[in-house]
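Here is the structure we will look at.
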Protein chains: 2
Amino acid sequence: MLNRVRSAVAHLVSSGGTSSQRSKSPDLPNATSAPPAAQETPKSSREKPGNQVGAPQKTAETTVSFSRPTFLQLSPGGLRRADDHAGRAVQSPPDTGRRLPWSTGYAEVINAGKSRHNEDQACCEVVYVESRRSRSVTGVSREPSHNQGFCFYYWGLFDGHAGGGAAEMASRLLHRHIREQLKDLVEILRDPLPPPLCLPSTPGTPGVPSPSQLVSPQSCWSPQKEVTHDSLIVGAIENAFHLMDEQMARERRGHQVEGGCCALVVLYLLGKMYVANAGDSRAIIVRNGEIIPMSREFTPETERQRLQLLGFLKPELLGSEFTHLEFPRRVQPKELGQRMLYRDQNMTGWAYKKIEVEDLRFPLVCGEGKKARVMATIGVTRGLGDHNLKVCSSTLSIKPFLSCFPEVRVYDLTQYEHCPDDVLVLGTDGLWDVTNDSEVAATVDRVLSSYEPNDPSRYTALAQALVLGARGIPRDRGWRLPNNKLGSGDDISVFVIPLGGPGSSYS
Amino acid sequence: MLNRVRSAVAHLVSSGGTSSQRSKSPDLPNATSAPPAAQETPKSSREKPGNQVGAPQKTAETTVSFSRPTFLQLSPGGLRRADDHAGRAVQSPPDTGRRLPWSTGYAEVINAGKSRHNEDQACCEVVYVESRRSRSVTGVSREPSHNQGFCFYYWGLFDGHAGGGAAEMASRLLHRHIREQLKDLVEILRDPLPPPLCLPSTPGTPGVPSPSQLVSPQSCWSPQKEVTHDSLIVGAIENAFHLMDEQMARERRGHQVEGGCCALVVLYLLGKMYVANAGDSRAIIVRNGEIIPMSREFTPETERQRLQLLGFLKPELLGSEFTHLEFPRRVQPKELGQRMLYRDQNMTGWAYKKIEVEDLRFPLVCGEGKKARVMATIGVTRGLGDHNLKVCSSTLSIKPFLSCFPEVRVYDLTQYEHCPDDVLVLGTDGLWDVTNDSEVAATVDRVLSSYEPNDPSRYTALAQALVLGARGIPRDRGWRLPNNKLGSGDDISVFVIPLGGPGSSYS
């Protein structure tokens, strides 16, 4: 996100020292307690081989400030090219290397002249979920077997702002939080019966019950709601985002988790795609030319009423500097007593009100489009991190207005016969700022129709075409699109996930 | 609404005496200060003739407890039949009388064996809006002229609960509140230029500016938002709902405004339909067989997260009796320490949590479908009134959780060539509880195709068919539908508004 946080970078409050708290989940590495390389080594007894793509690569020459996903397999020279603002090279996993799971296509261009602390990060993994029940009562893991767990496919885009730490940390750890949440559900998701509403005790502790001990819905008195398997997976993803955000809060003082990031992640699990979005990235499915939106953006404009309601109910969060009312422009002192258009937390329309002294405060929400801001600072209202974000020249914290919870949409792959040209496209706002759903669908059609249906490189070629189309080419002192408009100056990251392609193995 | 308020009727707190406060708007009658008949007499100098339909009719034999819209022109015998639970007569305006504006069709069946204080009410009006500028500076009205104002068409359905006063009051006064809000906008809505963001002074007072004094958008510094005429009308409707609710609060002690009501109203103004809904009534357009939803229902289920967020941020509203968490069924004391599925204000999915003592409290939101309730009491979360509504055997007030603000959707009639079979259907939940959009669309097709396109009785016939189809016929000790399922036992009220019919005069 380019310029998502205005003026606030210099006002981030952070202090040294390593957090004394550890992650609640014993399997989750503490981001500040060990070098990243060591953290990313999978525990051989509990992870499937081949899961090591996606961990950001750090080299001696880049240390903290610059890292790219390991699945790009960048050489030191490639890493320099990725970091070269003048060249703005489009990077993809090499043709010669191991392909991404699920024949996924990926391309990115980063570091477009802004702070190098704001880069997008990406993750593409196959994650094995072991049931907590496969452990012995002493807590020591036994050998895993496929009978005791399941795999999910995972894709994530993380668009950082006000520092690179949050995006990098989320790209390394969010899927592990999701895995932790799913560990409790292994037996339940396998059981075709509706999930039990109540379980006898805490999971992963001595004395965990056998399946026959689970309290089945039939044993509870009515009335009761039926809860679906889908909604348990959605709840697991939601809680994983929350726990990821809490871990960032605990470990932010270690200087590795400055700033925040948008997160757009996709899980494939048991026949369905779960698309979870917190921020302003976007996911769409292009199916037989039809566009199916799989996310919506969370910005000061789309979440205005939620933000205003919070400011209205908790005025102490606004200090004496902000008003929860929205005005179409800044009110000026000379306009006191006149009538100005306004909206409050209950309104979608506008009405006139007499300007009073309090209305001279800065509006909680102001601006339009990419210039819309919360407290004149941040242009995105959901995501991970930002625990230190303050209003410029103020002690007011912005975090209470931000939500770390994603909206999750579910797409059932089994309900439709997909062809190799049907894809799920994920992009950060660098893509969507200069293009739209229809143009992306046209590019999908144009690129995929020029490749054989079974050509495994077609999805990477499509991702590259989308990134190139958004970046443009250098001309007339700028990066320009074919229509001569300016291309996106932001980081641009794109996943293309085939829904019916050669590698879409629906495990 | 049948059983929308459970157990709460007996716990309504109301006291005698007439409110000492008057409405803020001088043109709005104080509901308790004059007999209804006198209130409904239009002020000849400011209202167009022919606006008197829609005022509830009161007779000596019905006084306070039972009234029906005057446009039904019910004789004392007709009024008795309408009140007859055994017969459940379907009522419509008589063929021989003056037709409703806009060739509107209407039918209702009321009083289905429940308290007679809960009836639906309806209103259908042509309302003339005079500009405040047409008054002299002394505040005395001058003769109106069409150059100084405009008309809007208005339809309203009000579904009462826990007392008939709110629905009756809203049916008499809400359109007047809307008119008051629009009076400030007459010149602005006529001007094709974007609305001025700032006006020099308060309207309707001496020294009101001429149009040339209006601060035009061009004179303001950028950046600024452009506000549309549409959004001013939406804002006027939203504020009118709020002022109506405030008037009910002021005058509730006069015993005329017990309980509350859902409100679904439609304005036709300057080529567009504005559909405003607060409650669980529903509006759909059926156009060339296609269904276009024009409202959504506001219930404990659809507004769960808003309610939970409020309970979370303001726990004092929950007392020690309720928890903001949702569980799929009531937690039992013996389950302490076990793990139960739950959702909080941030979640759409479900997850397990360890049951603690606080979780034994009653959930703020519980139940499903028509049995969903806020604080175990009310099944609808938006509407007017309910200022006295308390939790059963408690002093906890439910009103803070209810919103009086409607969602307003706009439909541009000029964007489509409508045929006489295209209609906007408004119905209270008595209709929608036993039928769905597709079945209503099928009835629209079946009934209208059996009438000549220019037959003015076709829309009333359609409204009657819809009401009859939802009520059913007496059979097997109940009112039953053709499929032998039980018909709706609730009040059923339906407006059918032709979008391209013989009387749809788009003024």
Side-chain angles (χ1 to χ4, degrees), chain A residues 181 184 195-203 215 217 220-228 230-239 242 306 309-310 313-314 326-332 335 337-341 343 346-352 354-355 366-368 371 403-405 407-408, chain B residues 181 184 195-203 215 217 220-228 230-239 242 306 309-310 313-314 326-332 335 337-341 343 346-352 354-355 366-368 371 403-405 407-408:
Chain A
Q181 295 299 305
D184 295 338
L197 305 186
C198 192
L199 297 173
S201 73
T202 308
V215 181
C220 301
W221 54 269
S222 290
Q224 60 189 27
K225 290 199 176 186
E226 187 165 308
V227 173
T228 63
D230 287 5
S231 69
L232 288 192
I233 297 171
V234 171
I237 297 169
E238 290 171 329
N239 275 336
H242 187 216
R306 176 180 75 76
L309 177 64
L310 184 57
L313 293 175
K314 297 273 189 188
E326 184 190 18
F327 299 94
R329 63 168 171 79
R330 186 74 193 272
V331 183
Q332 299 169 64
E335 292 169 326
Q338 297 184 11
R339 289 182 305 138
M340 178 85 89
L341 286 171
R343 291 196 286 194
N346 297 304
M347 298 167 71
T348 58
W350 295 85
Y352 291 98
K354 189 178 170 185
I355 297 294
C366 66
E368 277 187 296
K371 294 183 175 172
S403 170
C404 66
F405 282 86
E407 182 186 78
V408 187
Chain B
Q181 295 298 305
D184 296 336
L197 305 186
C198 192
L199 298 173
S201 71
T202 309
V215 181
C220 301
W221 53 268
S222 290
Q224 59 189 28
K225 290 200 176 185
E226 188 166 306
V227 173
T228 63
D230 287 5
S231 69
L232 289 192
I233 297 172
V234 171
I237 296 169
E238 290 171 328
N239 275 335
H242 187 216
R306 175 180 76 75
L309 177 64
L310 183 58
L313 293 174
K314 298 273 188 188
E326 184 190 17
F327 298 94
R329 63 168 172 78
R330 187 73 192 272
V331 183
Q332 299 168 64
E335 292 168 325
Q338 298 185 9
R339 289 183 307 138
M340 178 83 89
L341 287 172
R343 292 196 287 194
N346 297 304
M347 300 168 70
T348 58
W350 294 85
Y352 290 98
K354 187 178 170 184
I355 297 293
C366 66
E368 277 187 296
K371 292 183 176 173
S403 170
C404 65
F405 282 85
E407 182 186 76
V408 187

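In what follows, chains carry the letters A, B, and so on, assigned in the order in which the sequence lines appear, proteins first and then strands, with residues in each chain numbered from 1.
The distance from the CG atom of A/Leu197 to the CZ atom of B/Phe327 is 12.0 Å, given to the nearest 0.5 Å. Here the straight-line distance linking atom CZ of B/Arg306 with atom CZ of A/Arg306 works out to 15.5 Å at 0.5 Å rounding. Taken from CG in A/Leu199 to CD in B/Glu335, the straight-line distance is 11.0 Å, to the nearest 0.5 Å.
In this structure, chain A has heavy atoms under 4.5 Å from both the backbone and the side chain of B/Asn346.
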Test side chain to side chain contact (heavy atoms under 4.5 Å, CB included) applied to A/Val234 and B/Met347, step by step: CA-CA 8 Å; A/Val234 171; B/Met347 300 168 70; over 6 Å; no

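Side-chain contact check for B/Leu309 versus A/Leu310: every heavy-atom pair is 4.5 Å or farther apart. With contacts defined as side-chain heavy-atom distances shorter than 4.5 Å, the pair A/Thr348/B/Glu407 does not qualify.
Scored by the side-chain hydrogen bond (donor to acceptor under 3.5 Å, both in side chains) test, A/Ser403 finds no partners at all (sequence neighbours excluded). Not counting sequence neighbours, the partners of B/Asp230 by the side-chain hydrogen bond (donor to acceptor under 3.5 Å, both in side chains) test are B/Lys272, B/Tyr274.
The minimum heavy-atom distance between B/Pro196 and A/Tyr352, with the atom names listed, is O-OH, 2.6 Å. For A/Asp184 against B/Arg339, the heavy-atom pair with the smallest separation is OD2-NH1, 4.3 Å. Of all heavy-atom pairs spanning A/Glu368 and B/Lys225, the tightest one is CG-CE, 3.4 Å.
Listed for the B/Gln338 side chain is no donor-acceptor partner under 3.5 Å among the backbone atoms of A/Cys198.
Of the listed residues (A/Pro328, A/Gly235, A/Ala236, A/Ala351), the one with the most heavy-atom contacts under 4.5 Å to chain B is A/Pro328.
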